[in-house]
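Order of the sequence lines sets the chain letters (A, B, ...), proteins ahead of strands, with each chain counted from 1.
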2 protein chains.
Amino acid sequence: MMESASVRDVAALAQVSVGTVSNVLNHPEKVSETTVSRVQSAIRELGFIRNDAARQLRAGHSNAIGLVILDVTNPFFTDVARGAQQHAASFGKSVILGSSDEKPDLERSYLDLFEEQRVLGVLLSPVGEVTSRLERLRSRGIPAVLVDRIIPDAVASSVSVDDVAGGRLAVRHLIEQGASRVAFVGGPFGIRQVSDRAAGASTVAQELGVPLEIIATDALSIPEGRRVASELLVREPARRPDAVFAANDLVAIGLLQTFFAAGVAVPRDIAVIGYDDIGFAATAVVPLSSISQPSALIGRTAIDLVLAEAASGDPADRQAIVFQPELVVRDSTA
Amino acid sequence: MMESASVRDVAALAQVSVGTVSNVLNHPEKVSETTVSRVQSAIRELGFIRNDAARQLRAGHSNAIGLVILDVTNPFFTDVARGAQQHAASFGKSVILGSSDEKPDLERSYLDLFEEQRVLGVLLSPVGEVTSRLERLRSRGIPAVLVDRIIPDAVASSVSVDDVAGGRLAVRHLIEQGASRVAFVGGPFGIRQVSDRAAGASTVAQELGVPLEIIATDALSIPEGRRVASELLVREPARRPDAVFAANDLVAIGLLQTFFAAGVAVPRDIAVIGYDDIGFAATAVVPLSSISQPSALIGRTAIDLVLAEAASGDPADRQAIVFQPELVVRDSTA
DNA sequence: GACGGCAGTTGAATCGTTTCATAACCATAG
DNA sequence: CTATGGTTATGAAACGATTCAACTGCCGTC
């Protein structure tokens, strides 16, 4: 098994010094053309590949950005991750992805790993309390950007979406389509996104003078949507809501399936709107109206913020960016 | 901004040599208890975090394993990735994930990156020709394991699933449930998985004397499933198949939705079976029968193979492991 | 012909960890 | 009191790329 070549070997073959080889790799404009080509052919001949560990050691930091998301199985977060990854790649940086599965322990172990790797910066969709952790990253010179969560003290930049506005959008749309008895289905309310969406729903319902019923779920999943739908179907039709705002698309799809199987017409008998606009929303039994969040854009923006702070080292650059969600109307409410 | 502490600083504070600090970190059994605790409190006090780049440089390789999959949006591959990631974590190794999106260029750039990082090994679900690339990795002492693809010459180990057997399982089940006119829906046939599944379906249909109709699609997606279903519904009922084997679950879900909306009863009028057993299969309008592949197990096995070869350095350890798929019966065929 | 300036090149020092041959220490046996 | 063995601790060398001050030619100027 042949040992891999180092800059030293390349230098020897090309009859130059190691410094020159390094310059060919990193500052080719400082080296004469003939030398460049001689070195490059030596590189090709030896199959030389730069050892990233040595480069990082000297540089003091890697060129990777750490990203911790709440849940890999949630399409919203995977879209954010993909957006971040692609945008980072265009700057020649890579993204290391970890999923905390909403467990503070896992979150901590990923942050430890990222510190060991001396990442350029961290994007974090946090569980629980992180202020002290952010302080520590900052003291190490590692900038952090919060994703989908705002922290009051400007201890870090953040990129988020206005979930209250999203809740307002959804319920206003249902009422404009003629709904007179609206229900919000979702939970647990400990999740900020859920409570914000409910809050938005509630205020707009009050403003427009329409009653809003709150139905709590244990999780934002398809089975929970089905369970709630079955419970609603037990009521006599006149006491059912005529429009439902589900806290995410998975719940909405569960509702749709059960209504559909029971012969309840969507949207004529009951209109349904979801949240997140995941890929499956458009291809559900009845194409599902939803509130769309600019997930890829969130990822890109977070990368921009973290790179800017890493480059300037200036905490004054911190910003809290809030995007606005958008209403996507499909058959389930039209 | 405080500089981060090194082993040298820790050694000074704990009044020991750098070698001892390193031993506390890596071989604590060689160090006396009192020294261990003294060093550990120094580590805590300074907030010392080991610099991974320096460690790797010394070790000659990182403790990460590179994984290149064909498509991040395919649940089968993300399950493989998750299985690999979790299993690797139990050995203290991490997995770096890249998606080639079926483009040879992207595949190559990820392999280059992995070589720069001196990964411990590579798991690869290849696009196109890779033999020469595998040779090169081998000459660098980086073992590779192919995922979901077999290469005839034993140039690398491989882990795959027997798709022909899967096709046989699916169609035998349909016929045992009473089907007398079976259709296979899927494509493009350039994808080995598709052609293998069709081949298995075809042989078993022949053996049992049941006619098999092949209906080609452009992709393995929900919309293509809906398109085919609409075309079938144009035929008079007696000329429709009474059972359909879809090349994957997305196509099957598309079929189900359109049949359901048209009032065709599944499975009474037409039985439907899919392939992959993705999470959505169990929660479809009609819970979908499917052929399940042990995706997490594939990931775990690939990790085992690559670590074994990395540890022994012995190419004789190479193996080609083929798993058998399993039939999962749900309402759509029962 | 002395000098400054410039482009190209050199090679030693550096980053932070791990390893390993060596040393120091202590206890027990002869 | 010495020899033997075992346990701990030491510190210099090594890993491989990058940097930077110093150096070499070479040209043009006064």
query = Taking only N and O in the side chain of Ser6(A), is any of them less than 4.0 Å away from OP1 or OP2 of dG16(D)?
reply = no

inquiry  = Looking at Glu107(B) and Arg133(B), is there a salt bridge between them, counting it only when a charged N and a carboxylate O are closer than 4.0 Å?
reply    = no

request  = Using ring pair (Phe, Tyr, Trp, His ring centres under 6.0 Å) as the criterion, list what pairs up with Phe323(A), not counting sequence neighbours.
outcome  = none

request  = Could you identify which residues of residues 32-41 of chain B place a heavy atom less than 4.0 Å from some atom of DNA chain D, listed by residue number, or say none?
outcome  = Ser32(B), Thr35(B)

request  = Please determine, for the side chain of Asn51(B), which listed nucleotide (dT17(C), dT10(D), dT18(C)) has the closest atom?
outcome  = dT17(C)

ask   = Is Arg50(A) near enough to dA17(D) that one of its side-chain N or O atoms lies under 4.0 angstrom from OP1 or OP2?
value = no

key: Below 4.0 Å: OP1/OP2 of dT8(D) and any side-chain N or O of His27(B)   = no

message = Could you tell me how far apart Arg118(A) (CZ) and dC15(C) (P) are, to the nearest whole angstrom?
response = 14 Å

note = From the candidates dT10(D), dA14(D), dA17(D), the one with an atom nearest any side-chain atom of Arg58(B) is dA14(D)

inquiry  = Measuring from atom OG of Ser109(B) to atom CG of Leu111(B), what distance do you get when rounded to the nearest 0.5 angstrom?
reply    = 8.0 Å

Minimum-distance pair of heavy atoms, taken over all atoms of Val95(A) and Gln85(A) = O-NE2, 3.4 Å

Heavy-atom closest pair, residues Leu305(B) and Ser158(B) = CD1-O, 4.1 Å

key: Check against side chain to side chain contact (heavy atoms under 4.5 Å, CB included), Arg300(A) and Ile303(A)   = CA-CA 5 Å; Arg300(A) 287 204 299 278; Ile303(A) 290 287; 5.7 Å; no

message = Under a 4.0 Å threshold between the charged nitrogen and the carboxylate oxygen, would Arg118(A) count as salt-bridged to Asp52(B)?
response = no

Interatomic distance, Ile49(B) CD1 vs dC15(C) P [rounded to whole Å] = 20 Å

message = In whole Å, I'd like the distance from the NE2 atom of His61(B) to the P atom of dT17(C).
response = 18 Å

remark   = Taking five pairs at each terminus, the helix from dG1(C)-dC30(D) to dG30(C)-dC1(D) shows an axis bend, to 10°, of 60°

ask   = Could you state the CD-C1' distance from Gln56(A) to dG16(C), rounded to the nearest angstrom?
value = 13 Å

task = In whole angstrom, give the distance that lies between atom CD of Glu29(B) and atom C1' of dT7(D).
result = 12 Å

request  = Taking all heavy atoms of Ala144(B) and all of Ala156(B), pick out the closest pair and write down the distance.
outcome  = O-CB, 3.6 Å

message = Using the side-chain hydrogen bond (donor to acceptor under 3.5 Å, both in side chains) criterion, which residues pair with Gln193(B)? Sequence neighbours excluded.
response = Asp148(B)

inquiry  = I'd like to check Gln293(A) versus Asp163(A) (side-chain heavy atoms, cut-off strictly below 4.5 Å). Are they in contact?
reply    = yes

query = Going through the checks in order, is the side chain to side chain contact (heavy atoms under 4.5 Å, CB included) test met by Val306(B) and Leu123(B)?
reply = CA-CA 8 Å; Val306(B) 85; Leu123(B) 312 188; 3.8 Å; yes

message = Given dT10(C), dG11(C), dT18(C), identify the nucleotide with an atom nearest to the side chain of Val18(B).
response = dT18(C)

request  = Take the protein atom CD of Gln117(B) and the nucleotide atom P of dA17(D), then report the distance between them rounded to whole Å.
outcome  = 14 Å

task = Return the nearest nucleotide to the side chain of Val31(A); candidates are dC15(D), dT9(C), dA17(D).
result = dT9(C)

ask   = At under 4.0 Å between heavy atoms, what does Val16(B) touch on the DNA or RNA strands: base, sugar-phosphate, or nothing?
value = sugar-phosphate

remark   = Taken to the nearest whole Å, NZ/Lys30(B) to P/dT7(D) is 12 Å

request  = Any chance you could lay out the side chain to side chain contact (heavy atoms under 4.5 Å, CB included) test for Arg55(A) and Asn51(A), step after step, and finish with the verdict?
outcome  = CA-CA 7 Å; Arg55(A) 189 236 281 268; Asn51(A) 183 326; over 6 Å; no

message = Using a heavy-atom cut-off of 4.0 Å across all strands, would you classify Thr20(A) as base, sugar-phosphate, or nothing?
response = base

request  = Determine the contact category for Arg8(B): base if any of its heavy atoms lies under 4.0 Å from a base atom, sugar-phosphate if only primed atoms, P, OP1 or OP2 are that close, otherwise nothing.
outcome  = base

Provide a list of protein-nucleic acid N or O atom pairs under 3.5 angstrom, restricted to nucleotides 22-24 of chain D.
none

message = Quick one, Thr131(A) with Glu129(A), criterion side chain to side chain donor-acceptor pair (under 3.5 Å). Give me CA distance, side-chain angles, the key distance, then yes/no.
response = CA-CA 6 Å; Thr131(A) 315; Glu129(A) 202 39 63; 2.8 Å; yes

ask   = NA contact type, Asp52(B), heavy-atom cut-off 4.0 Å: base, sugar-phosphate, or nothing?
value = nothing

Distance, nearest 0.5 Å, that separates CD1 of Ile96(A) from CG of Leu97(B) = 12.0 Å

Just the atom pairs and distances: protein N or O near nucleotides 20-23 of chain C's N or O, under 3.5 Å.
none

ask   = What is the distance, rounded to the nearest whole Å, between atom CD of Gln15(A) and atom P of dG11(C)?
value = 13 Å

key: Among dT17(C), dG11(C), dC15(D), the one nearest Leu57(B) by side-chain distance   = dC15(D)

query = What is the minimum heavy-atom distance between Pro294(A) and Val161(A), and which atoms define it?
reply = CD-CG2, 4.4 Å

